[in-house]
Amino acid sequence: MAKKIQAIRGMNDCLPTQSPLWQKLENTVKNVISAYGYNEVRMPIVEMTHLFSRAIGEVTDVVEKEMYTFEDRNGDSLTLRPEGTAGCVRSCIENSLINRDEQRLWYMGPMFRHERPQKGRYRQFHQCGVEVFGLEGPDVDAELIMMTARLWRELGIDKHVRLELNSIGSLEDRANYRTALIEFLEQHIDILDDDCKRRMHTNPLRVLDTKNPDVQAILGDAPRLSDYLGEESKEHFTGLCELLDAAGIEYTVNERLVRGLDYYNRTVFEWITESLGAQGTVCGGGRYDGLVEQLGGKATPAVGFAMGLERLVLMLETLELTDVRRSVDVYMVTAGEGTMLAGMKLAETLREQVPGLRVMSHFGGGNFKKQFKRADKVGAAVALVLGENEVADNTVVVKDLIGGTQDTLSQADVVAKLAELV
Ligand code: HAM
């Protein structure tokens, strides 16, 4: 036998047993976002490498060590998108979507990061992201958080996620803070690990979310970003907190929350769960008012977030919220001369007259026993049985596979009966 070929590490199939839960999640997400009037945008999965290095920042984990970058046949450096914001901004600028108008957009699809795979962390993973352009907030910042809170309620996971919030101020606020933070870090240089030392000058704010416990211990005494926020940033943040309070959304302000991508300013937030172990951030986002201009567009305020769909699926599984709609309602069983064609015709009529009904026809022959076994295997609620007699007098046997009862109905009456299944 030829050697089997395996999938790439950290890149998973979504198998037929798993896809109903994924579809349920995706549909719920789409319905919640649509309830706010947002529109879908679909971007390419591959973009020019410099889009990501410019947007996300040269000195970030994503750009430094996680991108899938390759040269294409004409020598361009291309990258599989590690996230959606950069491509969304590129598309909005290129298609003149944000010159005059505001935009409220969402997207869903695969992203790629060469991270060490573990539960909840993959090399190909899926995000649903929302991006808003042209609004300064904080009202829209609050709406995005309310939208996610509604989604958690709809999914039934709201008691298992908590919201962390911070303001990282404007570029100038951060420049002032940066100087003070570097000064502090220099005083503790002997405690910093190599990564922190390197970041101290290139991207010192990232030292704040180090996982190194020794460094964490000294950070309690570090200067606080909140002391360096300008009046406007403070007002913006207070405005957001008031709106969230009024909406009854609980949060904790985490002054160390800085996020791993460089484009943020002012509002940043993360939804975190304890039910997944180390990879507990299910959704993260914030404001990025400078990015459109930085990528060659007209200065435009912007805010957004993205959630990790694998992590949400894992949460639904962990919390046993895995009830999904049956993929087959009715299994069509036939036996005898001319019954196969009659069965396929009846199945077509049912699909037409009972929208949403899922009807599977039996193929491949076999006796009733074998056919009923298949019907059970695919999880059908009802088997319809057509023999030569039924075909002759336009009836059908309706076998309830859950209750075990059986009835013979006219083919006209069966429509009303099956409508109950949808
Ligand atoms: P991010 O925090 O890098 O933000 O990713 C958002 C979410 O994607 C994470 O909270 C997590 O749930 C999921 N995620 C990230 N990496 C992985 C992975 N390797 N495996 C599984 N799930 C993962 C962004 O990507 C920003 N673009 C969000 C944003 C949109 N900010 C403003 N607009």
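In each ligand, atom 1 is the first atom listed, and ligand 1 is the first ligand listed.
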- Is G260 near ligand 1, meaning one of its heavy atoms is under 4.0 Å from it? no

- In the protein, which heavy atom is nearest to atom 10 (O) of ligand 1, and how far is it? T281 O, 3.3 Å

- Message: Give me the nearest non-hydrogen protein atom to atom 27 (N) of ligand 1 as residue plus atom name, then the distance to 0.1 Å.
- Response: E83 OE1, 2.6 Å

- Message: So which atom in R199 and which in T60 form the shortest heavy-atom distance, rounded to 0.1 Å?
- Response: NH2-C, 3.8 Å

- Task: Would you mind telling me if ligand 1 is within reach of the side chain of Y288, the backbone, both or neither, using heavy atoms under 4.0 Å?
- Result: side chain

- Note on the structure: For G120, the atoms of ligand 1 under 4.0 Å from one of its heavy atoms are 20 (N), 21 (C), 22 (N)

- Item | Subset of ligand 1 atoms that lie under 4.0 Å from at least one heavy atom of A306 | 6 (C), 7 (C), 28 (C), 29 (C), 30 (C)

- Side chain or backbone of E310 under 4.0 Å from ligand 1, or both, or neither, by non-hydrogen atoms? neither

- Indicate, as side chain, backbone, both or neither, the part of Y263 found under 4.0 angstrom from ligand 1 when only non-hydrogen atoms are considered. side chain

- Residues in ring pair (Phe, Tyr, Trp, His ring centres under 6.0 Å) with H201, at least two apart? none

- Can you tell which of L261, T60, L314 gets a heavy atom nearest to atom 24 (C) of ligand 1? L261

- Where on P82 is there a heavy atom closer than 4.0 Å to ligand 1, on the side chain, on the backbone, on both, or on neither? neither

- If you have a sec, work out which protein heavy atom is nearest atom 3 (O) of ligand 1 and how many Å separate them, to one decimal? R113 NH2, 2.9 Å

- Task: Identify, for atom 19 (N) of ligand 1, the protein heavy atom at the shortest distance, and state residue, atom and that distance.
- Result: E115 OE2, 2.7 Å

- Give a yes or no on whether the backbone of A175 and the side-chain of T179 come within a donor-acceptor separation of less than 3.5 Å. yes

- Query: Which atoms from ligand 1 have a heavy atom of V282 less than 4.0 Å away?
  - Reply: 10 (O), 12 (O)

- Item | Residue selection (non-hydrogen contact nearest atom 5 (O) of ligand 1) among Q127, R259, M307 | Q127

- Query: Just which atoms of ligand 1 are under 4.0 Å from any heavy atom in C283?
  - Reply: 10 (O)

- Note on the structure: So SG of C283 and CZ of R311: to nearest 0.5 Å the spacing works out to 11.0 Å

- Quick one: which ligand 1 atoms are inside 4.0 Å of a heavy atom on G285? 31 (N)

- Below 4.0 angstrom, N of the basic side chain to O of the carboxylate: do R259 and E270 qualify? yes

- Which residue holds the protein heavy atom closest to atom 31 (N) of ligand 1, what is that atom called, and what is the gap in Å? Y264 OH, 2.6 Å

- About how many Å separate CG of D76 and CD of E47, when rounded to the nearest 0.5 Å? 12.5 Å

- Query: Any nitrogen or oxygen of F305, main chain or side chain, under 3.5 Å from a nitrogen or oxygen of ligand 1?
  - Reply: yes

- Query: So, the side chain of Q294 versus the backbone of R54: is there a donor-acceptor pair under 3.5 Å, distance only?
  - Reply: yes

- Message: Within ligand 1, which atoms have a heavy atom of E131 less than 4.0 Å away?
- Response: 30 (C), 32 (C), 33 (N)

- Query: For ligand 1, which atoms, with element, lie under 4.0 Å from some heavy atom of R121?
  - Reply: 19 (N), 20 (N)

- Note on the structure: Of V253, V268, N254, the one forming a side chain to side chain contact (heavy atoms under 4.5 Å, CB included) with E164 is N254

- Note on the structure: Judged by heavy atoms only, the candidate from Y107, F125, F112, Y122 nearest atom 22 (N) of ligand 1 is F125

- Interatomic spacing from CG in L208 to CG in L257 - rounded to 0.5 Å: 10.5 Å

- Flag, side chain of Y122 to backbone of G120, donor-acceptor distance under 3.5 Å: yes

- Which atom of V378 lies closest to which atom of Y331, heavy atoms considered: CG2-CD1, 3.9 Å

- Query: Between R90 and E94, is the closest basic N to carboxylate O distance under 4.0 Å?
  - Reply: yes

- Using 30° and 60° as the class limits, which term best fits the ring planes of Y36 and Y38: parallel, tilted or perpendicular? perpendicular

- Closest non-hydrogen protein atom to atom 13 (C) of ligand 1, residue and atom name please, with distance? G308 CA, 3.6 Å

- Message: If the threshold is 4.0 Å, N to carboxylate O, is there a salt bridge linking R178 and E183?
- Response: no

- Which ligand 1 atoms does T85 reach within 4.0 Å, using its non-hydrogen atoms? 26 (C), 27 (N), 29 (C), 30 (C), 31 (N), 32 (C), 33 (N)

